[in-house]
Amino acid sequence: MESPLKIHNTLTGKSEVFTPINHPYVGLYLCGPTVYGYPHLGHSRGPVIFDVIIRYLIHLGYKVRFVRNITDVGHLLNDADDGEDKIAKKAKLEKLEPMEIAQHFTEAYHEEINKLNVIKPSIEPRASGHIIEQIEMISKIIELGYAYVANGSVYFDVIKYAQKYNYGELSGRVIEDLIAGAGQARRELEGQYEKKNPNDFALWKKASEEHIMQWNSPWSMGFPGWHIECSAMSAKYLGKTFDIHGGGMDLLFPHHESEIAQSTVCHNINPANYWIHHNMVTLNGQKMAKSLNNGILLSELFSGNHHLLEKAYSPITLKFFILQAHYRSTLDFSNDALKASEKGLQRLFNSLELLNKLKISEKSDFDITELKNKIYDALNDDFNTPIAISYIFEAVNIINKINDGYATIDKEELSKLKNLMNTMIFDVLGLKNEQLTNTKQYIDPLIKILLELRNEAKKNKDYKKSDEIRDKLLKAGFEIKDGKDETTYSIIKE
RNA sequence: GGUCCUGUGGCCGAGGGGUUAGGCAAGGCUCUGCAAAAGCUUCUACAGCGGUUCAAAUCCGCUCGGGACCUCCA
C-alpha cells in the first residue's frame with residue numbers, strides 16, 4: 001500500500017512521518033499578509049502551497065482547522081527614520097484612517113487570493129482585534145523574567161532566554177553568530193538604544209505622539225511587537241501546542257524563531273510540532289524588489305498590465321505553475337515558463353473532457369492502481385506536487401491514446417481513472433477549468449451549427465468555405481479538431 | 001562580515017551513487033482535403049576543476065555564478 005505522509009520539518013531539518021496530536025484533528029497556522037500594500041506574486045505562493053497541503057490532509061480524512069492571520073498593526077517602516085507604523089505612514093500620506101487603509105488592502109488581498117480557488121481559513125484573526133491577548137502574553141513574559149520595560153517599551157531578553165533555552169533551534173543559528181554579525185549590517189532603528197542587547201526584540205512599542213494606531217497598555221500607549229501577535233492568536237485558536245505552523249522562508253528568522261521563544265517562555269513548549277517553510281519566488285532569475293522595479297502585483301498578472309508581461313495569465317495558470325515546482329525550491333517566473341504551464345494546463349483539461357467520452361473495452365492496457373499509488377507516494381513525500389503532476393500527465397497520455405483508438409481500457413479501470421483524475425485535479429490540487437462554463441451552454445449549440453455547415457461544405461469539397469469557417473472560429477477563440485467520427489472544438493484563451 | 005541554500009538539456013522544473021521525470025519549445029513520422037488536435041519518435045543535461053568509488057549529475061573539497069536570512073518582507 002501507500003507510504004505514510006511525511007513532512008519536511010524545518011525544526012529538525014528532516015522529513016518526518018506526520019502524526020497529529022489529536023487524531024483526526026489537525027491545527028494549522030499560516031502567517032498571513034501585512035496589509036499595507038496590494039498583493040504581489042510573492043504573496044500567492046504560500047496560500048497556493050498550503051491550500052494543497054490542507055486539501056490533501058482533508059482528503060486523507062483529517063479535520064483541519066486552518067488559521068491565517070491578518071497583520072494590521074505594528075510593522076515599523078524599515079526604510080524610514082521615524083519608526084512609524086507602516087500602516088499609519090500610508091494613512092497620513094493619503095489622509096485616511098489607518099483602519100480604512102488596512103481594510104482596503106485586506107479586501108484587495110482577499111479578492112486576488114480567492115481567485116486562486118483556495119480554501120478559506122477557518123478563522124482569520126486580525127492582530128488589531130487581539131491586543132488584549134497580546135498584552136496578557138507580554139505581561140506573563142515580564143513576570144517570568146524574560147522581558148524588560150524600557151521607556152514604555154517592552155523587549156524580549158534574548159540573551160537570558162538563550163541561557164536556559166535554545167534560541168536558534170529553528171533557524172539553525174547560534175547566538176554567538178548573531179552577536180558577531182550584529183555590528184556589520186545592523187540597521188539603525190528607533191529604540192535600539194533602549195535594548196540591553198541588539199538581538200532583543202520588541203514585544204510592545206511605545207507610540208510617538210503622531211503615531212495614530214495605538215492602544216493602552218500597562219507600559220504605555222503603544223502597539224504590539226511584530227512576533228507576539230502570531231503567538232497570541234495561534235495559542236488562542238489552536239492551543240498552546242498544535243500540529244503545523246507555516247510561512248515563507250523569509251519568516252524563519254527572526255519571526256518564527258521569536259514566536260518559539262515567546263511561546264516557550266509562556267507555555268513551556270514549542271508551539272508547533274511541524275514547521276513548514278516555502279521558498280521565495282524570483283522573476284527572470286532575479287529576486288523581486290522595489291529597487292529593481294520588477295515587482296508584479298497579482299492584479300497585474302491577471303490583467304497582463306505590466307511592462308514585463310507579454311500577456312495576461314489566469315489565476316489557475318498561476319496556481320498550476322506554482323504547483324509544478326516543489327515548495328521548498330525557489331521558483332522563477334518568466335513569460336515562457338508561464339506560457340508553458342498555460343499550455344500544459346489546457347492539455348490537461350482537454351483530456352479531462354475526453355475522459356467522459358471514452359469507449360469501454362473488454363480488456364485494459366493500463367493498471368490505474370499502480371499509477372494511483374505513484375501519485376499518492378509523491379504527495380506523501382513532503383507534498384511533491386511536481387512529481388504528482390508528472391504522473392497526472394501520464395494519465396493524460398493514457399486518455400488521449402484510448403480516445404485515438406491506440407489502446408483500450410475496461411470498465412473497472414476506466415472508473416478508477418475517472419475517480420483518480422477528478423480527485424487529484426479538483427479535490428487535492430484545487431484546479432478548475434476556467435473555460436467559460438456558464439456561457440458555454442449557450443455557445444455550444446451555436447458552434448455546433450457552424451460545425452454542421454462546415455462539414456456540409458467539406459462534403460461538397462468546398463474547402464474554401466470550410467476553411468473560412470474554421471479560420472473565423474479560431475479567430476473568435478474556438479479551436480476546431482477534426483476527429484475520425486466527429487468534429488469537436490475547444491475554447492482557447494486569447 | 002556571519003549563517004545557510006542553490007547552479008540540470010532552447011525555457012521552466014523533478015530526481016539525487018548504476019534504471020525514461022514531467023510540462024513547454026524544436027525536428028521527423030502517422031492520421032487529415034489541408035491544418036489543428038492527438039499518437040509515435042528524435043535531439044539539446046546535470047557550472048568548472050580535483051578527489052572518494054567497480055560506478056558520480058548525485059558524496060567530499062576548491063573555484064566561479066545565483067539566491068535567502070542576519071530586527072519587522074510571503
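For the numbers below, each heavy atom of this structure counts, side chains included, while hydrogens, waters and symmetry mates do not. Quick note on labels: first sequence line is chain A, next is B, and so on, each numbered from 1.
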Please list, for nucleotides 11-14 of chain B, all pairs of protein and nucleotide N/O atoms separated by less than 3.5 Å.
{"from": "B:G13", "atom 1": "OP1", "to": "A:Asp332", "atom 2": "N", "distance (Å)": "2.9"}
{"from": "B:G13", "atom 1": "O2'", "to": "A:Gln324", "atom 2": "O", "distance (Å)": "3.4"}
{"from": "B:A14", "atom 1": "OP1", "to": "A:His326", "atom 2": "N", "distance (Å)": "2.7"}
{"from": "B:A14", "atom 1": "OP1", "to": "A:Ser329", "atom 2": "OG", "distance (Å)": "3.1"}

Going by salt bridge (charged side-chain N to carboxylate O under 4.0 Å, His left out), name the pairs with one or both residues in residues 146-162 of chain A, residues two or more places apart or in two chains. A:Asp157-A:Lys196
Looking only at the side chains, is there a donor atom on one of A:Asp72 and A:Ser128 sitting less than 3.5 Å from an acceptor on the other? yes
Check for me whether the distance between the ring centres of A:Tyr313 and A:Phe302 falls short of 6.0 Å. no
Taking atom types as they are modelled, would you say the side chain of A:Arg173 forms a donor-acceptor pair with the base of B:C69 within the 3.5 Å cutoff? yes
Using 0.5 Å steps for rounding, measure from the OG1 atom of A:Thr10 to the NE2 atom of A:His256. 9.5 Å
Starting at atom CD of A:Glu394, determine the distance to atom C1' of B:A38, rounded to an integer number of angstrom. 17 Å
With a cut-off of 6.0 Å (strictly less than), are more than 12 heavy atoms of other residues, nucleotides or ligands near NZ of A:Lys339? yes
What integer distance in Å separates A:Ile480:CD1 from B:A37:C1'? 11 Å
For nucleotides 25-33 of chain B, just jot down a letter per nucleotide in 5' to 3' order: B, S or -, based on protein non-hydrogen atoms under 4.0 Å. S-------B
Check every strand shown and say whether A:Gly46 touches a base, only sugar-phosphate, or nothing at a heavy-atom separation below 4.0 Å. nothing
A:Glu257 side-chain N/O to A:Ser171 backbone N/O, donor-acceptor pair under 3.5 Å: yes
How close or far is atom C1' of B:C72 from atom CD of A:Glu259, stated in whole angstroms? 13 Å
Whole angstrom value for the distance that separates P of B:C34 from CD1 of A:Ile469: 19 Å
Rounded to the nearest 0.5 Å, the CG atom of A:Leu30 sits from the NE2 atom of A:His278 at a distance of 8.0 Å
For A:Asn279 and B:C4, what is the distance between atoms CG and C1' respectively, to the nearest whole Å? 12 Å
Can you tell me which stems involve RNA chain B, if a stem is defined as three or more consecutive Watson-Crick or G-U wobble pairs, both distances under 3.5 Å? B:1-7 with B:64-70, B:10-12 with B:22-24, B:26-30 with B:38-42, B:47-51 with B:59-63
Identify, with sequence neighbours excluded, every residue that meets ring pair (Phe, Tyr, Trp, His ring centres under 6.0 Å) alongside A:Tyr161. A:Phe156, A:Tyr165
When the nearest nucleotide of RNA chain B is assigned to A:Ser171 and to A:His227 on a heavy-atom basis, which residue is associated with the more 5' position? A:Ser171
A:Asp377 and A:Ser3: side chain donor to acceptor below 3.5 Å: yes
From CG of A:Asn403 across to P of B:G39 the rounded distance in Å is 10 Å
OP1 or OP2 of B:G23 sitting under 4.0 Å from any side-chain N/O of A:Arg347? yes
Between C1' on B:C72 and CD on A:Gln262, what's the gap in Å once rounded to a whole number? 12 Å
State which residues pass ring pair (Phe, Tyr, Trp, His ring centres under 6.0 Å) with A:His130; sequence neighbours excluded, sorted by chain then number. A:Tyr237
